[in-house]
Protein chains: 2
Amino acid sequence: MARLAGVSRATVSYVLNNAEAVRISEPTRRKVREAAEELGYVPHAAARSLRAGHTRIVLLPTSHVPVGPLYSTFLNELQWALRRLDYTVVQYGSLGLSGDEAVRAWAELRPVAVISLGEITLSARNVATLKRAGARAVITMGPVAVPGAHALVMDQQEVGVRAAAHLVERGRGRIGVVVPEEEGLELFSVPRLAGARSVAGAEVTALPMAYSEESAAALAARWRGLGLDAAFAYNDEYAMLLMRALQDEGLRVPEDVAVIGADDLLIGRLLRPRLSTVRLEMPTGAHLASLVDHAVREPSEVTERHDLMAAAAVHREST
Amino acid sequence: MARLAGVSRATVSYVLNNAEAVRISEPTRRKVREAAEELGYVPHAAARSLRAGHTRIVLLPTSHVPVGPLYSTFLNELQWALRRLDYTVVQYGSLGLSGDEAVRAWAELRPVAVISLGEITLSARNVATLKRAGARAVITMGPVAVPGAHALVMDQQEVGVRAAAHLVERGRGRIGVVVPEEEGLELFSVPRLAGARSVAGAEVTALPMAYSEESAAALAARWRGLGLDAAFAYNDEYAMLLMRALQDEGLRVPEDVAVIGADDLLIGRLLRPRLSTVRLEMPTGAHLASLVDHAVREPSEVTERHDLMAAAAVHREST
DNA sequence: TTGAAAGCGATACCAC
DNA sequence: GTGGTATCGCTTTCAA
C-alpha cells in the first residue's frame with residue numbers, strides 16, 4: 001500500500017508498529033494512518049510471520065464440537081485469556097483426519113503452541129514434528145500422558161472409580177456401566193469402565209448404548225432381566241436418556257435403580273430426581289492460558305510435566 | 001530442508017506438490033520423500049500463501065461456542081465437506097472483540113472465504129475490507145442481510161411468529177416471551193420477540209430471565225400474578241429451565257401453562273411432558289460447503305444473493 | 001530432468 | 001527522520 005501514501009514501506013511499518021527505536025514526524029504518521037484507514041489496509045499475517053520466523057498462533061484442534069456448558073465456558077475463558085496475552089487463537093477442525101495427517105496440517109501453520117483437548121492422541125513423534133515446526137509448547141489434555149508434551153491428565157479411570165465407589169457406599173454393588181456405541185469416545189469410556197471395575201465390592205456389567213431414545217428404551221426394556229441395582233452412565237447425557245427410559249418402564253429411581261452420570265452438566269439438575277454425577281476438576285481457562293504463556297517463554301521449565309486432574313462424586317437425588 | 005537431501009529446493013517443491021507439469025525421476029522422488037519423512041519436514045503455509053497470493057483458508061468466526069446437537073452436527077458436516085474440497089477450516093475465536101477489531105484480525109489471515117455464523121454483525125465496510133484482503137466469498141448466516149455479502153438469512157422473526165401462532169391456534173392468547181438476560185443473544189432474541197408480538201390474537205409480555213435455575217425459579221414464583229396462559233422461551237434450554245421451575249411451583253404443563261421452546265434440541269424430548277418447539281431449517285453442511293466453493297470460483301455469480309431459511313413449529317406435549 | 005533466480009509482503013539494519 | 005535493501009520459505013519461470 002505504502003508508497004501510494006507518499007512514503008516508503010519501511011516508514012509505514014514503523015508507524016503501524018509504533019516502533020520506538022526510530023522517530024517519525026507527526027505529520028508523516030498522520031499521513032500514513034489516514035492512508036491505511038482509507039485503503040482499508042490490513043497487514044499480511046503470513047508475510048509478517050515469515051519474516052519474524054515465528055507466529056503468535058495458539059492452535060486448538062477440535063474434532064468434535066464440544067458439548068456442554070462446562071466445556072464451552074472453559075473454552076471461552078481460554079480464548080479470551082490467550083487473546084489478552086496477545087496470542088491468536090485458531091481452532092483447527094480436524095474431524096476425520098488421522099493423527100499424523102492432523103499434525104502435519106497443524107504444523108504447516110507454525111503455531112507457537114498447540115493445546116490438544118484430547119480428541120486426537122499424539123505420539124512422541126507427532127510432538128517432535130510440532131516442535132521442529134516451531135511449537136514451543138505442546139499441551140495435551142486427555143486421558144493419557146504424551147512423551148515430550150506437557151500433559152494435563154484427565155484421569156478418566158478415576159471418574160469410574162469415584163462413580164462406583166459412590167454407588168458401593170450407598171449399598172449398591174451390581175452396577176451396569178453404560179458404554180457409548182458411538183465411535184471416538186473410547187479414550188474416555190474405556191478407562192471409565194476399567195475404573196469402575198477396579199472398585200472392591202462392585203460387580204460390573206458393561207452395557208453398550210447409543211445416544212438415542214430408541215437405544216435407551218431397548219436397554220431399559222431388558223433391565224429387569226439383568227439383575228442390577230445401579231447404573232453408571234458414560235456421562236450425564238447418557239445417564240439422562242437411560243434414567244428417563246427406566247422410568248418409562250416403571251422402575252423407580254433411586255429405589256429400584258440408582259443412576260449416576262459424569263461431567264456435571266446443567267441438564268442433570270433439570271430432571272427429577274436430580275442426577276448424581278462425577279465432576280472432573282478442570283483447570284480454569286485463565287490458568288491454562290498462563291501455563292501456555294509460561295511454556296512459550298521458558299520451554300525448558302515446563303516440558304514433560306504432568307498434572308493430574310481430580311474427580312469427585314456429587315450426590316444428588318438419583319442415587 | 002531440501003539441499004540436504006541432495007537436490008534443489010525446486011525439486012522438493014515439485015515432488016511434494018505432485019507437480020504434473022514437470023517429470024521427476026522416480027529415484028529422486030523417493031529420495032526427497034524419504035528425506036522429508038526423516039527430517040519431519042512440513043511446508044510453511046505462510047511462505048506458500050505469500051508466494052501464491054492467496055490462501056485456501058475458510059474462516060469461521062466463533063464468539064460463543066455453539067450449543068446443541070443441531071448446530072454442532074451442522075458445523076461438523078461443514079468442516080468435513082470443506083476439507084474434502086481442499087480448504088483449510090479455521091475457527092477464529094472472536095469473543096469480546098468489536099466488529100471492526102474482529103474483521104481486521106480475520107483479514108490478517110487472508111482467508112479466501114468467511115462464513116459468519118451471526119454472532120458478529122458485519123457492516124458493508126467490513127465486508128469490503130475482507131474482500132480487499134482477498135476474500136472471494138463472504139457468507140453470513142444470521143438474522144439480517146449484509147450488503148456485499150451472500151446472506152443466508154435465518155429469519156428469527158419467523159421463529160417468533162411460528163411459536164405464537166402455534167399457541168394461539170391451541171387457544172392460548174396471553175403469552176409470556178422469555179428473553180435471555182445474557183449478552184450477545186439480542187440479535188436472535190429481539191426479532192423472536194418481535195415476531196411473537198406481530199401475531200394476531202397474541203398478547204405478549206416480555207420476561208427477562210437468565211440461564212440459571214435461580215432466575216427461572218424467581219420467574220416461576222411470580223408467574224400466577226402475571227395472568228398468562230402460555231410461555232414461549234428463547235430456546236429449548238430456557239424453556240426447560242422455565243418449565244421445570246413452573247412445575248416445582250405446582251403449575252401444570254400444559255393445562256395451566258403451555259410452554260414452547262425453539263431450536264429443537266434433543267434434551268427437549270427428555271423432559272416430561274415433551275417440549276414443543278420451533279425448528280429452523282438449516283442448510284446442510286455439504287450444501288453450504290458447495291456454496292462456498294462455488295462463490296470462491298465464481299464470485300460474481302453468488303454475491304448479494306439472499307436465501308431465507310424456513311421455520312416450523314413442532315408439536316409435542318407441552319402445548 | 002534439474003538448477004538458478006525472481007518475487008510474494010513485512011521488517012529491521014544501515015546509510016543518507 | 002527517512003529511504004534503500006536483504007531476508008524469511010516457498011513456487012514457478014526460464015536456462016542449462
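A, B, ... follow the sequence lines: proteins, then strands. Residue 1 opens every chain. These numbers come from a predicted model, not from an experiment.
B:Leu109 places its CG atom 15 Å from the C1' atom of C:dA10, with the value rounded to the nearest Å. The interatomic distance linking B:His44 (NE2) with D:dC10 (C1') rounds to 10 Å, in whole Å. Nucleotide D:dC8 holds its P atom 9 Å from the CG atom of A:Leu50, rounded to whole Å. A straight line from NE2 of A:His54 to C1' of D:dT7 spans 15 Å, rounded to a whole angstrom. Between B:Arg30 atom CZ and C:dT2 atom P the separation is 13 Å, expressed in whole Å.
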Does the side-chain contact (heavy atoms from CB on, under 4.5 Å) test come out yes or no for A:Ile139 and A:His150, once each step is laid out?
CA-CA 5 Å; A:Ile139 295 179; A:His150 183 119; 4.0 Å; yes
Pair A:Arg33-A:Val15, side-chain contact (heavy atoms from CB on, under 4.5 Å): steps then yes or no
CA-CA 8 Å; A:Arg33 292 235 165 77; A:Val15 173; 4.2 Å; yes
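Relative to the side chain of A:Arg110, the nucleotides D:dC10, C:dT11, D:dT12 differ in distance, and D:dC10 lies closest. When each of D:dT11, C:dA12, D:dT13 is scored by its nearest atom to the side-chain atoms of A:Tyr14, the top-ranked nucleotide is C:dA12.
One finds a side-chain N or O of B:Thr28 lying less than 4.0 angstrom from the OP1 or OP2 phosphate oxygen of C:dT2. Put simply, B:Tyr41 has a side-chain N or O that comes within less than 4.0 Å of OP1 or OP2 on D:dC10. Put simply, B:Thr11 has no side-chain N or O that comes within less than 4.0 Å of OP1 or OP2 on C:dT2.
No option in B:Leu97, B:Val114, B:Val90 other than B:Val114 meets the side-chain contact (heavy atoms from CB on, under 4.5 Å) test with B:Trp106. Residue A:Leu152 forms a side-chain contact (heavy atoms from CB on, under 4.5 Å) with just one option from A:Thr140, A:Leu117, A:Ile115, A:Leu288, and that option is A:Leu288.
With hydrogens and angles left out, the side chain of A:Arg51 and the base of D:dT7 share a donor-acceptor pair within 3.5 Å.
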